[in-house]
Amino acid sequence: MVTQSALTATPEVGAGKSVGPRDSKGYKTFTWFNGTFLILLCGFMLYPFVTVLAQSFSSAGAVKAGLVNVWPIGFNLDTYKVVIANDLFWSSYRNTVVYTLVGTTIAMVLTTLLAYVLARRALRGRNVLIGIAVFTMFFNGGLIPNYVLIQTLGLKNTMWAVVLPGAISVFNLLVMKSFFENMPSELEEAAQIDGLGWWGIFRRIVLPLSKAVIATMILFYSVAIWNDWFAAFLYLDKQELFPVTLYLRNMIAGASSTASQGAAAAGSSKEAISANIQAVTMILTIIPVLCIYPFVQRYFVSGIMLGSVKG
């Protein structure tokens, strides 16, 4: 028999809303502090970029005096005009786009195929191959042997000297290998029963299920190739082959006579260029990355996390 006290203690449906964990005062306080902290953290991360952007549009005197903060002082476009008005800048930009597309394609094909092979636990010599790959993360032949190798192979002053030496990143390789290892083996077994071979399984089963990690690796490779200037600095002597990062590096170092000629044509002094060139360099270099990143950002965290969990 149900007592009157039990009926009183039992809340009636629709009489009022139950108070859950998310409605508690402590949870609301935590949410407020967490949101405030993240907003401040985003502000701290955006501050350097905003400052560099403001410096790129400021006058040389204001930049040299350290007066520029988050807003341009003495609005100035001379440095942008010097860089953009030069035909060599656009040819260098075109070279960078070509190097990035070709290099990323080669790197993704090689890394994906090798990672899939190394993910097969039944592969003979699998541990030896993984050990060789990991060994190269800590030890390499050195700068001079690499230069001699590139020159002996006839790759000097060609696009291949830039895109081939770094075609496989061992870190990316290990991430993709771990991702493939964590895929359910039942999928491959079902595909084999249906008559698919290893290549068919890889192309029709594995790749469609690996969009997250593939997008992440594409971002890693493309950003690395886009920002790389040292390989071009070592192996390229012809200005028409320079990537944009090397072209802008030469302007910063004062090694490009083209920059000085462009400055004179624009009516700007070398002093104005040297004061703004670093800020302009960073802005012009990062624009394509900022345009691409939003499209692959949703895959970024999931791709890394899925590829880093051990099965």
Side-chain angles (χ1 to χ4, degrees), residues 49 52-53 55-57 60 76-109 143 146-147 149-151 153-167 218-293 295-296:
F49 176 77
V52 171
L53 183 64
Q55 288 178 350
S56 67
F57 289 106
N76 171 40
L77 292 176
D78 290 341
T79 310
Y80 277 101
K81 293 178 181 179
V82 168
V83 176
I84 295 176
N86 200 305
D87 294 336
L88 186 58
F89 168 78
W90 292 111
S91 65
S92 300
Y93 227 107
R94 183 180 63 252
N95 292 338
T96 299
V97 173
V98 173
Y99 296 164
T100 302
L101 292 177
V102 175
T104 303
T105 301
I106 294 175
M108 286 303 303
V109 171
L143 187 62
N146 286 336
Y147 181 86
L149 176 64
I150 294 297
Q151 190 173 33
L153 294 175
L155 301 179
K156 195 170 184 295
N157 284 320
T158 66
M159 173 183 65
W160 309 113
V162 177
V163 301
L164 288 183
I218 288 176
L219 178 65
F220 281 178
Y221 276 121
S222 59
V223 171
I225 297 173
W226 183 275
N227 291 330
D228 183 37
W229 62 270
F230 191 65
F233 178 75
L234 288 177
Y235 306 129
L236 302 182
D237 297 329
K238 301 177 181 179
Q239 282 191 337
E240 59 269 21
L241 297 175
F242 285 178
V244 69
T245 48
L246 180 58
Y247 169 80
L248 296 173
R249 178 264 173 195
N250 288 340
M251 293 186 66
I252 295 175
S256 176
S257 60
T258 307
S260 300
Q261 295 173 1
S268 303
S269 63
K270 294 181 182 180
E271 180 182 7
I273 294 180
S274 62
N276 298 76
I277 189 63
Q278 292 187 12
V280 174
T281 297
M282 287 184 281
I283 295 299
L284 292 176
T285 304
I286 203 174
I287 285 177
V289 179
L290 292 177
C291 294
I292 295 174
Y293 187 82
F295 297 99
V296 296

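Because only heavy atoms are used, hydrogens play no part in the values below, and waters and symmetry mates are left out as well, while side chains stay in. Along the sequence shown, the residues carry numbers beginning at 1. What you are looking at is a predicted structure, and each value in this text was computed from that prediction instead of being measured.
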Open item on the list: So, applying ring pair (Phe, Tyr, Trp, His ring centres under 6.0 Å) with Tyr93, which one of Tyr99, Trp226, Phe242 is it?
Closed with: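 Of Tyr99, Trp226, Phe242, ring pair (Phe, Tyr, Trp, His ring centres under 6.0 Å) with Tyr93 is met by Trp226 alone.
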Under the 3.5 angstrom rule, does the side chain of [X] hit a backbone N or O of [Y] as a donor-acceptor pair?
{"X": "Ser92", "Y": "Tyr247", "value": "no"}
{"X": "Asp237", "Y": "Asn157", "value": "no"}
{"X": "Thr245", "Y": "Asp228", "value": "yes"}

Side-chain contact, heavy-atom cut-off 4.5 Å: [X] with [Y]?
{"X": "Leu143", "Y": "Phe230", "result": "yes"}
{"X": "Tyr221", "Y": "Thr100", "result": "no"}
{"X": "Thr285", "Y": "Trp229", "result": "no"}
{"X": "Leu236", "Y": "Pro243", "result": "yes"}
{"X": "Tyr235", "Y": "Leu155", "result": "no"}
{"X": "Ile150", "Y": "Pro165", "result": "yes"}

Task: Spacing of Phe57 atom CZ and Asn76 atom CG [to the nearest 0.5 Å] - done: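 It comes to 10.0 Å.
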TODO: Applying side-chain contact (heavy atoms from CB on, under 4.5 Å) between Ile106 and each of Ile225, Leu101, Leu164, report the one that passes.
DONE: Leu164
